[in-house]
2 protein chains.
Amino acid sequence: MGRKRTKSGKIRLAEVAELAGVSPITASRFFRNPEALSIGKRTRVESAAKELGYVPNLAARALASQRTEVIGVLIPSLTNNVFSDVLRGIYDASEGSRYSIQLSNTRYSILQEEKLLRLFLAQKPAGLIVTGIDQTPESRAMLEAADCPIVQIMEIGPDPVDMMIGFSHYDAARAAVAHLFEQGRRKIGFVGARMDPRVQRRLDGYVSAMKDAGSFEQRLVVTTATPTSVTLGGALFADLLAREPNLDAVFCANDDLALGVLFECRRREIAVPDQIAIVGFNDLEFMASAVPTLTSVRTNRYEMGRTAATMLIEAIDGQRPEQPVLDLGFKVVERQSSLPRHSDSRPAVSGAGATNKMVALPSSHD
Amino acid sequence: MGRKRTKSGKIRLAEVAELAGVSPITASRFFRNPEALSIGKRTRVESAAKELGYVPNLAARALASQRTEVIGVLIPSLTNNVFSDVLRGIYDASEGSRYSIQLSNTRYSILQEEKLLRLFLAQKPAGLIVTGIDQTPESRAMLEAADCPIVQIMEIGPDPVDMMIGFSHYDAARAAVAHLFEQGRRKIGFVGARMDPRVQRRLDGYVSAMKDAGSFEQRLVVTTATPTSVTLGGALFADLLAREPNLDAVFCANDDLALGVLFECRRREIAVPDQIAIVGFNDLEFMASAVPTLTSVRTNRYEMGRTAATMLIEAIDGQRPEQPVLDLGFKVVERQSSLPRHSDSRPAVSGAGATNKMVALPSSHD
DNA sequence: GTCGTTGCTGGTAGCGCTGTCAACGTTCCT
DNA sequence: AGGAACGTTGACAGCGCTACCAGCAACGAC
């Protein structure tokens, strides 16, 4: 049947309209707002589209409507487990919606972020998800001038551009240190790597908690700008021990470092938790499985990504949330590595039992 | 100065052309093929664009030119460390090129993959990266009919659609088992989770190596469809031990499982490697840091992503590689966990030393 | 019966850019 | 000197879709 097609052989909206016996604009409406059509035309267009296998041309749609159905996401790293959980949440929430995700990596540089932001905004995204609250003034101005909803994720701060979802890294670190104090620890070291703003605020929280207790000493803090790794955790811990042999606990800025510390303790035959307590940050899956099981600060990364994308999509569709700033909180998950000193340090079968309670993290499966 | 702008206040190509005193089409050429312009016009357009802060409208470009500058990437999972390394390579290679990445998650479903493929192809991507060689017949047909370069990643097989980059999971598994045999192991178990096609081929490799040695027994194989985790590694290992108490080695389909096995051994006070040897797969960063350090099969994930994207971009630009199928190989990195039985099982300071040699994996930093 | 009002539909006119082709000036060859 | 060949430039006509507004029928209020 001699229907005319585009050179590339693709079916256009006009073909669908012709087959359905309606005007192109009516067919167009079917895909954007089916309720606006009478039931008769609606079903006619629907079956015509299905018969022809019509797929809309997004470039033409974007050009004509002056907006895209793209959600821009700016994150500082793809390597980091933390962000892959967040991303998974974002992708999960965007699936099924008509929006697609455009991801870019700022590599922990706010200047790079500014550049990418300029690029993104020029394409008129439907919405934007940006990491953190430490944008350059120019970025900040662009974000405020943008005519699309924006969600800042990973942490909460005083002055949201638009929406915000995260938790207080400062408070979380204070809580971790408080937990160690409760367990009777006093010489508590801090180990941190790749000191991005959020890790910095964890350090600030640690410092403030230590100062409140009158226990702060500068030499208890070991940090580096190097990207984090398990191996690095061991090395930084070795440093820390050299500075303070009487250390009785370590608060690690993330779980990889904590695992490195655990391995280094094993290597040096330092008993955990009897000699040294370990607390990590993020509560990755392996923390519950280690021997001894490792205490960590649980953060809701998957949920953060998912909620951010959901809020954003609702805002794009005109449903602004009542609560534009959402504190997802955190939880110090207490495990064997921070038990008090005089308890039995050798976890037996009950150790495996304690482990099993921790299996079903909401954020660790897909 | 009364330059006319678009309603949205954006600068268009026409404005740039006007300021530069050239026709719009000449300005357009400047952005796509600057060499075609005379030097005078080139600099005039360049400075005009800079002065106005011009950013091209990609939707208009895509519509007019009938092609996009988008590279579609289909991967089965975002959670998996393996894919985040590959992705990082892809993003790194695409940065600086004019192509942007459009990512979608098939969730290990080839039907979902088929659906996404249809969607992607309708937008005429500049190129496509797909995971593996197990597409549905429909997907396969679409890929073959696609008029853009395609790279299949993660493994190599007999019948590439176009380009292909990866390694043989079958051979890698055989090599791992051969290594264990060389170390004097005989009762070698297999632990696997989320049995996707590549894990399945690792199992096939294991089975064939065991059969070659006349050592294969079905009960030595423990697998599950559940997503992988460290905790799961411990549980599967416990299963395996119950079936075969005289086990002397475990080959794990990935490193998370291997770490879980290590922790379970520690919990049960099974000496590694004296009683049981452990070999993992992928060589994640922590393997070199564990106590004892863990043997693993190193795969070049970051490089795989990076090379795939580079090859693809070159092919888009008309430079087809001489070598359309690239085997990146693998390497059994031998560490303490698979040392022969009679060696000293208690790594001392030298253990930490051995660890340090393994720090600088090409794929573990960014 | 006239006048809104509502619900649905269609015509027109672009969105901002690039493919195509023609035309120009310059250089080089015969 | 004439013509071919090349490098450079511009005019024109869309790409496929949607915003905008107009039109039309059906209905109810006065």
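So that the names make sense, note that chain A is the first sequence line, chain B the second, and so on, each numbered from 1. Atom set for the values below is all heavy atoms of this structure, side chains included, hydrogens, waters and symmetry mates excluded.
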Within 6.0 angstrom of A:N33 CG, more than 12 heavy atoms from elsewhere: yes
Value in whole Å for how far the P atom of D:dC15 lies from CG of B:N57: 18 Å
Whole-Å distance separating the CD atom of B:E15 from the P atom of C:dG16: 9 Å
N or O in side chain of A:S28 less than 4.0 angstrom from D:dT18 OP1/OP2: yes
d(NZ, A:K41; C1', D:dA25) in whole Å: 12 Å
All N/O donor-acceptor pairs, side-chain side in residues 149-166 of chain A, below 3.5 Å, sequence neighbours left out:
{"unit_1": "A:Q152", "atom_1": "OE1", "unit_2": "A:V161", "atom_2": "N", "d": "3.0"}
{"unit_1": "A:Q152", "atom_1": "NE2", "unit_2": "A:G132", "atom_2": "O", "d": "3.4"}
{"unit_1": "A:E155", "atom_1": "OE1", "unit_2": "A:R201", "atom_2": "NE", "d": "2.7"}
{"unit_1": "A:E155", "atom_1": "OE1", "unit_2": "A:R201", "atom_2": "NH2", "d": "3.2"}
{"unit_1": "A:E155", "atom_1": "OE2", "unit_2": "A:R198", "atom_2": "NH1", "d": "3.4"}
{"unit_1": "A:E155", "atom_1": "OE2", "unit_2": "A:R201", "atom_2": "NH2", "d": "2.7"}
{"unit_1": "A:D159", "atom_1": "OD2", "unit_2": "A:R140", "atom_2": "NH2", "d": "3.4"}
{"unit_1": "A:D162", "atom_1": "OD1", "unit_2": "A:R320", "atom_2": "NH2", "d": "2.4"}
{"unit_1": "A:D162", "atom_1": "OD2", "unit_2": "A:I150", "atom_2": "N", "d": "2.8"}
{"unit_1": "A:D162", "atom_1": "OD2", "unit_2": "A:R320", "atom_2": "NH2", "d": "3.3"}

Toward the 5' end of DNA chain D, by each residue's nearest nucleotide, B:A36 or B:L63: B:A36
Touch class at under 4.0 angstrom, heavy-atom based, for B:Y54 against every strand present: sugar-phosphate
Candidates C:dC17, D:dT18, D:dG10 - which lies nearest the side chain of B:V22: D:dG10
Distance below 4.0 Å between B:Q66 side-chain N/O and D:dG16 OP1 or OP2: yes
Touch class at under 4.0 angstrom, heavy-atom based, for B:R42 against every strand present: nothing
Atom CZ of A:R67 with >12 non-hydrogen neighbours under 6.0 angstrom: no
Aromatic plane relationship, B:F83 with B:Y108 - under 30° parallel, 30 to 60° tilted, over 60° perpendicular: perpendicular
Position toward the 5' end of DNA chain D (nearest nucleotide), B:E35 or A:A62: B:E35
Spacing between B:L13 atom CG and D:dC15 atom P, to the nearest angstrom: 20 Å
Below 4.0 Å: OP1/OP2 of D:dC17 and any side-chain N or O of A:S65: no
Given C:dT9, C:dT18, D:dG16, the nucleotide with the shortest approach to the side chain of A:L37: C:dT9
Contact nearer the 5' end of DNA chain C, comparing B:A59 with B:R32: B:A59
Neighbour count above 12 (heavy atom, 6.0 Å) for B:E35 CD: yes
Nearest-nucleotide pick for B:I25, side chain only, options being D:dC17, C:dT20, C:dG16: C:dT20
Protein-nucleotide distance (A:K124, atom NZ; D:dT18, atom C1'), rounded to Å: 15 Å
Spacing between B:E69 atom CD and C:dC17 atom C1', to the nearest angstrom: 12 Å
Spacing between A:F31 atom CZ and D:dG16 atom C1', to the nearest angstrom: 13 Å
Touch class at under 4.0 angstrom, heavy-atom based, for B:R29 against every strand present: base
N/O (side chain, B:T26) to phosphate O (OP1/OP2, D:dT8) under 4.0 Å: no
side-chain N/O A:R67 vs D:dA19 OP1/OP2, d < 4.0 Å: yes
Interatomic distance, B:R12 CZ vs C:dT18 C1' [rounded to whole Å]: 15 Å
Test item: side-chain donor near acceptor, A:T68 and A:Q123, under 3.5 Å: no
Candidate nucleotides C:dT18, D:dT18, C:dG16, ranked by approach to the side chain of B:A60 - the nearest: C:dG16
